[in-house]
Structures are given as structure tokens and as C-alpha cells.
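Structure first, then comments.
Chain letters run A, B, ... following the sequence lines, proteins first, then strands; residues in each count from 1.
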Protein chains: 2
Amino acid sequence: MKGIRQLAEHLDISIGTVSRALNGKPDVNEETRKRVLAAAEQLGYVANQSGRSLRQGTTNVIGLMIQSSRETVENSDNFFLTVTGGLQSVFSRHKLDLIMLPCPHDEDPYEYLKRMVARRIVDALIISETQRVDKRFDLLAKAKIPFAALGRSLSGTQHPWADLDFDGVANAAVDRLVAHGHRRIAVSAPSSDINLGFIFVDGYRRALERHGIDYDPALVIRAKSSEQGGYQVADELLRLENGPTAVILIYELMAIGFYRRVMEAGIIPGRDIAVVSFREAPRAKFLQPALTCFRTSVHDLGVELAEILLSSMPAYSHEYPRKARQTVWPLELIPGESDAFQLTVKK
Amino acid sequence: MKGIRQLAEHLDISIGTVSRALNGKPDVNEETRKRVLAAAEQLGYVANQSGRSLRQGTTNVIGLMIQSSRETVENSDNFFLTVTGGLQSVFSRHKLDLIMLPCPHDEDPYEYLKRMVARRIVDALIISETQRVDKRFDLLAKAKIPFAALGRSLSGTQHPWADLDFDGVANAAVDRLVAHGHRRIAVSAPSSDINLGFIFVDGYRRALERHGIDYDPALVIRAKSSEQGGYQVADELLRLENGPTAVILIYELMAIGFYRRVMEAGIIPGRDIAVVSFREAPRAKFLQPALTCFRTSVHDLGVELAEILLSSMPAYSHEYPRKARQTVWPLELIPGESDAFQLTVKK
DNA sequence: CTGAAAGCGCTTACAG
DNA sequence: CTGAAAGCGCTTACAG
């Protein structure tokens with residue numbers, strides 16, 4: 001089946017009527033509509049997207065831009081696929097298709113996005129891995145294309161986003177560790193400029209302040225969010241003269257490497273050092289002692305993000321009335337054994 | 001900047017000339033071309049994709065369909081993002097963009113693909129997670145859209161694909177284990193109908209046969225390709241009266257759960273039971289004893305798949321002349337400690 | 001080297 | 001309720 005013209009000829013009616021029947025317009029004879037639908041189904045006709053888009057000025061496609069940067073490739077561990085599931089569950093209600101736009105390693109994300117926007121292959125965009133300062137917000141705002149970000153940014157103050165509550169995680173972790181008697185609490189931060197790292201460390205600093213604990217930059221270790229990164233964090237902390245009694249890791253995979261390195265030094269997590277990690281993951285369940293971590297539904301975060309986006313699109317906003325278009329997504333602390341001891345004053 | 005018309009008016013030349021200049025056609029005055037290019041850059045003009053596609057009948061977009069099935073979401077662990085990197089490195093040479101088409105959980109993959117094909121939003125398609133019998137091959141062949149599959153299938157006998165060498169892995173693993181004295185060798189198989197499972201088990205059976213070892217169906221354990229799956233495999237094998245002395249796992253994450261379960265029973269991998277696993281992964285590096293596994297470059301597999309696809313597209317085939325459009329991608333065995341012992345006859 | 005015009009496949013006012 | 005026609009933004013023979 002080539003196009004609507006062939007289908008119309010086959011049915012011996014005009015293409016206008018075929019189009020109206022297919023698109024569920026009310027002013028079509030029910031008998032005619034049935035014939036058209038049946039013939040389309042039988043001949044496998046589906047409207048050419050370019051033709052539709054050109055005429056309607058809309059593609060019915062939403063793009064999710066992802067950067068498969070080296071670090072992400074090793075670590076996003078299906079975070080994006082899970083978010084995607086949540087997004088789709090909302091978009092499918094409106095017959096909107098989600099496509100993922102992976103920015104190549106060797107292309108500048110800003111230029112890539114510019115190109116995608118200009119080509120008009122999507123009606124709206126979701127960007128991820130927001131940087132502390134992220135020019136993409138201005139680009140999208142200027143292009144007047146609806147968008148939302150997975151992750152807040154200093155550049156996104158007025159724009160829609162949803163983000164995991166890294167600040168809350170840092171606070172809850174510090175509170176818990178302080179309650180267990182810790183004062184020397186280390187933290188890992190990502191090695192990139194991704195904004196979540198700044199938020200995480202800021203939250204950590206303010207939490208320390210609340211407890212009257214001095215901030216010590218030596219206890220903030222930048223490392224990759226991977227097993228190797230965790231190994232490196234432990235290694236660096238072991239070198240400190242006045243090391244920490246507790247550590248908060250920003251990514252659960254790091255715990256695997258962290259455990260390994262401290263154990264090599266005869267230090268047992270949950271006994272000699274407290275470990276708390278963001279975020280719960282199946283693989284971390286196998287760690288011994290069980291990791292204290294934070295749980296959330298990434299799928300539901302996708303749902304939230306989709307609704308935020310639709311609420312900013314004129315065609316759908318009436319179905320998603322909401323005041324706030326910025327959501328800090330909560331996480332729940334899951335106590336494990338990795339920090340289940342009370343620190344007694346040793347030195 | 002709205003469209004080519006505005007750009008042409010701005011330059012006071014015809015849209016035809018603008019188009020020709022932008023598309024690098026030879027019959028354009030160099031002076032004119034420069035002016036056009038400069039104005040386009042300055043005003044941020046990029047051709048509307050729908051307009052181009054409709055006229056040219058080509059989108060310059062390649063789609064990679066992925067199924068974020070529950071099992072995949074937990075396990076694909078960036079396999080796809082890495083393949084994507086390889087694909088893009090080839091496609092970018094031809095100004096082809098790759099988009100990922102994630103089939104929603106609640107939609108039938110066949111229907112989803114049908115819809116994507118009919119809408120003509122991509123020039124060619126790559127499908128993944130090929131099933132043993134996979135109707136999508138026929139659909140794509142009938143639709144006359146160029147395609148290639150990541151993973152072979154019984155349905156794909158004449159069609160282009162690239163696939164990891166599961167058969168070779170099974171053979172190499174069995175050979176090695178037999179050389180170490182093992183005769184009771186268990187294997188894990190995926191719980192889904194994904195074709196790689198069948199190929200893996202077939203290779204295992206034929207390898208056993210070569211060594212004159214009877215095939216025992218009790219030693220083939222179906223389980224999810226996850227930590228939990230590995231735990232379950234170990235658990236089931238421990239219940240056997242005449243258990244195995246070695247096991248080959250189809251996914252490295254399983255080793256984490258497998259180790260844990262056998263260790264709970266006081267059985268030490270690499271001493272009491274031999275473990276070989278497919279595939280090398282950063283996180284498996286932290287297992288003790290080190291896992292014997294198989295290494296390959298998934299990025300290069302993506303490159304290969306991209307070239308296979310382009311060789312079947314008329315517009316690019318001359319640049320990728322090749323006889324074979326089906327590639328079995330090799331893996332290299334990386335010896336670890338998890339099977340580094342010689343079995344002495346115990347019973 | 002450039003312009004005018006046709007037409008890709010659709011949807012949608014507009015008549016009737 | 002249906003048909004004829006315009007036009008979305010492009011590219012590309014075709015004249016000149």
C-alpha cells in the first residue's frame with residue numbers, strides 16, 4: 001500500500017473522506033468509516049508521517065535526548081530505560097510516540113540538540129544529564145519548543161523539570177550518620193559537571209552545618225560513578241591522616257568497589273566504617289553487609305516528568321492542570337547493615 | 001527563522017537556489033553559496049525534516065528498535081548504549097542520524113514495528129532481541145525497508161544480522177572445563193524465547209557430544225539473567241542428587257548471585273565448583289575469585305552491524321561491498337580463578 | 001548559474 | 001455526508 005490516494009481509489013471515494021474517516025472526524029458516514037478502516041487494516045495502510053507532519057505542523061513524537069558519554073554508558077544501568085517506561089505510559093494515552101535521541105560521543109550536545117530542534121522531528125523534548133550551567137535550556141526556550149528536563153540546573157530556574165531529591169538524600173544520610181555518633185563523614189561526588197553532584201554536595205554541607213560540624217574539603221572525593229570509582233574513593237580516604245568514620249556514596253555501584261578496597265585493608269563496612277549509598281539497585285542487594293540506601297520508583301519519576309511536559313504543551317495542558325512544573329522527587333531510606341553500629345569515641 | 005521561503009526573501013534570491021546552495025549542489029555560484037550558508041548559520045535555519053522527507057522520500061534517519069521488557073530493563077545494562085555508539089560512528093560519516101525506538105511494555109513488538117515502518121519515519125531499521133521465530137523479519141522484508149538484526153533468528157536465514165558468538169562461547173567453555181577434568185557441566189539458559197538461549201544450549205549440547213558426554217536436561221537451568229537468576233541457578237543445582245562440578249552462566253551478573261548462593265552452602269567457586277561466565281563486565285571484575293569470562297568489543301559489534309546495514313541499502317552499498325551480511329562476532333576467553341583447578345575424581 | 005513550477009502525501013477549510 | 005482544492009516546506013527536473 002503506497003499512499004492515501006491508492007487507498008481512496010481502491011475504495012472509490014475521495015482522499016478527503018478517507019482521511020476524515022481514518023482520523024475519527026465526526027462528519028463521516030459510519031458505513032463509510034467502517035469500509036475505510038477495514039480496507040486500511042487489510043492493506044496495511046498507515047499515514048505517512050512526513051505528509052501528516054508537514055500539513056499539521058506536528059509530529060506526535062516526543063524526543064528524549066540522552067548523552068551516552070563514556071561515564072553514562074557504564075553507569076546509567078537502565079535508569080533511562082526505566083524512565084522511558086514511565087514516560088511512555090503517559091504519552092501512549094495521547095498517541096504520542098517517544099523516541100530516544102542519543103547524542104554521539106563526538107558531537108557537542110548543544111549542537112546536536114540545535115540540529116534536532118531545527119529539523120522539527122519532534123513536537124517536544126526531554127533533556128537529561130543537565131549540567132550546572134546548561135545552555136540547552138536557553139536554546140529550547142528560544143526555539144519555543146515545549147520541553148522538560150530530567151534534572152534541575154541553574155539555567156533551568158523557570159523551566160519545567162523533575163529531579164531526584166539529592167538534597168534530601170544528603171540530609172537524611174548525614175542525619176542518620178550523626179545520630180549514630182559520626183562527625184567525620186566523607187562523601188563522593190561525580191567527576192563531571194553534572195548538576196546533581198553540586199546539589200548533593202551542597203545538601204551535605206548544609207546538613208553538616210545544621211549539626212555544627214565543620215566542612216572538610218578533604219572528605220569530598222571526586223570519582224567516577226562506577227565500581228572502580230568506589231574503589232578509588234576508598235583508596236583516597238585510606239590515605240588520609242584523619243580519615244572518616246562514615247561515607248556517603250552517590251552511586252550504589254561504587255559500594256562494590258568501596259567494600260572491596262576497605263576490606264583489603266582489613267576494614268569491615270558496618271563495623272569499622274559506616275556506608276550509606278544512593279540508590280537502591282538489585283545488584284547492591286548482594287553486598288554483605290547489606291547496604292543502607294535510598295529507594296524510589298524511577299518509573300513513577302518518568303510518569304511525573306511526562307505529565308510536567310504535557311502540562312506545558314498547549315494541546316494537552318488542559319488535561320494536566322498543575323501549578324508547579326518543577327518536582328523534587330522523594331526517596332525513602334532503606335536501612336541496611338552497612339551503617340548499623342553506634343560509633344563509640346575511639347580517638 | 002521559519003522556513004526556506006523567509007531565508008530566500010532575506011537574501012533576495014529564489015528558494016531553489018537557496019536549497020541548492022545548502023545541499024552542496026555543484027551548479028551554484030560560490031559567492032552565492034557563501035552568502036546563503038552565512039545567512040542560514042546566522043538565522044539558525046535548518047531544513048524542516050518533513051518537507052525534505054516528503055520530497056526526497058528519505059528521512060536520513062535510522063531506527064534502532066529496542067524492547068525495554070522487564071528483563072531487559074534490569075539487564076541490558078548499557079549494552080544498547082554501547083552498540084549505539086558503534087552504530088553512530090559509522091552512520092555519522094553519511095550524515096545519518098540514529099534514533100532509538102523503545103517499544104512500550106504494553107504494546108506488541110510486532111504491531112509497534114509495523115506502525116513505525118508504515119509511518120516512514122526512518123529509512124532503515126535495526127531490530128534487537130531477536131526471538132527464535134521472529135515475525136518481524138518477514139514484516140520488514142515485505143515492507144521492503146532495509147534492515148539488519150542484532151541477533152540471528154531462524155526467521156532471519158537470508159537477512160542481514162550480526163550476533164555474538166554464543167555457540168563459540170559454549171564450545172570454548174565446555175572444552176576448557178572438560179580439559180580440567182569436568183564431566184558434569186551445568187548451564188544456565190534465559191527464561192524467555194530469545195534466540196541466543198537456544199543457540200547457547202545447542203552449542204553446549206554439541207560440545208558435550210564431541211567429548212562423548214551424555215546430555216542431561218537436569219543440568220540446564222532456566223533463569224532470569226540477573227543476580228537473582230544466578231542465585232536461583234545455584235539453588236536449583238544444589239538440590240540435585242548428582243550435581244555438577246562446573247557451571248557456565250549466560251550472563252555475568254548471574255555470577256554475583258551464584259557465588260553468593262554456593263558460598264552460603266560452604267561451596268567455594270574456583271575450588272569446589274568451576275564457574276565460567278559470558279560476558280566480561282566491569283562489575284564482575286570485583287568478584288572473588290576472579291571470574292573466567294569472555295571479552296569482546298560491543299562498540300565494534302555496533303560498527304559491524306552498521307556496515308552490514310549500509311551494505312544492504314542501495315544508496316550506500318557501493319561503499320560497503322561485502323559478500324557476507326551475516327556476522328558471528330567473536331569473543332575471547334579471559335581466564336580467571338573461578339575455574340582454575342583440576343578436578344580429581346572424587347566419587 | 002538562477003528562477004519558476006511541479007509535486008512529494010497528507011489534512012482541512014470550503015462548497016455543495 | 002462527500003468531493004475538489006489549497007497548501008504545509010521542501011527538492012529537483014526544466015528553461016533560460
(Q) Would B/Arg115 and B/Glu107 count as a salt bridge (charged side-chain N to carboxylate O under 4.0 Å, His left out) here? Give the steps. (A) CA-CA 11 Å; B/Arg115 198 155 57 84; B/Glu107 188 165 355; 3.2 Å; yes

Q | Close side-chain approach of A/Asp134 to A/Asn195, heavy-atom, < 4.5 Å | A | no

Q) Tell me, which stems hold DNA chain D, with a stem being 3 or more Watson-Crick or G-U pairs in a row and both distances under 3.5 Å? A) C:1-3 with D:14-16, C:5-12 with D:5-12, C:14-16 with D:1-3

**Q.** Backbone N/O of B/Gln67 and side chain of B/Ser128: donor-acceptor pair under 3.5 Å
**A.** no

**Q.** Proximity to DNA chain D (any heavy atom under 4.0 Å), residues of residues 13-21 of chain B only
**A.** B/Ile15, B/Gly16, B/Ser19, B/Arg20

Q: Could you list the residues that satisfy ring pair (Phe, Tyr, Trp, His ring centres under 6.0 Å) with B/Tyr320, not counting sequence neighbours?
A: B/His94

Q) Among residues 52-59 of chain B, which residues get a heavy atom nearer than 4.0 Å to DNA chain D? A) B/Arg52, B/Leu54, B/Arg55, B/Gln56

Q) Is it true that atom CZ of B/Arg93 has more than 12 heavy atoms of other residues, nucleotides or ligands lying nearer than 6.0 Å? A) yes

Q.
Going 5' to 3' along DNA chain C, which are the first and last nucleotides with any atom under 4.0 Å from a heavy atom of chain A?
A. C/dG9 to C/dA13

Q) Contact class for B/Asn48 (heavy atom, under 4.0 Å): base, sugar-phosphate, or nothing? A) sugar-phosphate

Q. Which pairs pass side-chain hydrogen bond (donor to acceptor under 3.5 Å, both in side chains) with one or both residues in residues 147-160 of chain B, sequence neighbours excluded?
A. B/Arg152-B/Asp163

Q) Judged by modelled atom types alone, do B/Arg120 and B/Ser53 share a side-chain donor-acceptor pair under 3.5 Å? A) no

Q: For DNA chain D, determine which residues of residues 28-38 of chain A have any heavy atom closer than 4.0 angstrom to one of its atoms, and list them numerically.
A: A/Val28, A/Asn29, A/Thr32

**Q.** Nearest-0.5 Å distance that lies between atom CG in A/Leu196 and atom CD in A/Gln131
**A.** 9.0 Å

Q.
Between the side chains of B/Lys25 and B/Asp27, is the shortest nitrogen-to-carboxylate-oxygen separation below 4.0 Å, so that they form an ion pair?
A. no

(Q) Can you list everything that forms a side-chain contact (heavy atoms from CB on, under 4.5 Å) with A/Leu11? Sequence neighbours excluded, please. (A) A/Leu7, A/Ile13, A/Val18, A/Arg35, A/Val36, A/Ala39

(Q) Checking A/Tyr112 now: which residues fulfil ring pair (Phe, Tyr, Trp, His ring centres under 6.0 Å) with it, not counting sequence neighbours? (A) none

Q: Check salt bridge (charged side-chain N to carboxylate O under 4.0 Å, His left out) between A/Glu30 and all other residues, then give those that pass, not counting sequence neighbours.
A: A/Arg33

Q: Answer yes or no: is there a donor N or O on one side and an acceptor on the other, between the side chain of B/Ser19 and the main chain of B/Ile15, under 3.5 Å?
A: no

**Q.** Partners meeting side-chain hydrogen bond (donor to acceptor under 3.5 Å, both in side chains) with B/Glu304 (sequence neighbours left out)
**A.** B/Arg322, B/Thr327

Q: Between B/Leu22 and A/Asp12, name the one whose nearest nucleotide on DNA chain D is closer to the 5' end.
A: A/Asp12

Q) Do any pairs count as a side-chain hydrogen bond (donor to acceptor under 3.5 Å, both in side chains) and have a residue in residues 54-66 of chain A, sequence neighbours left out, and if so which ones? A) A/Thr58-A/Asp123, A/Thr59-A/Asp123

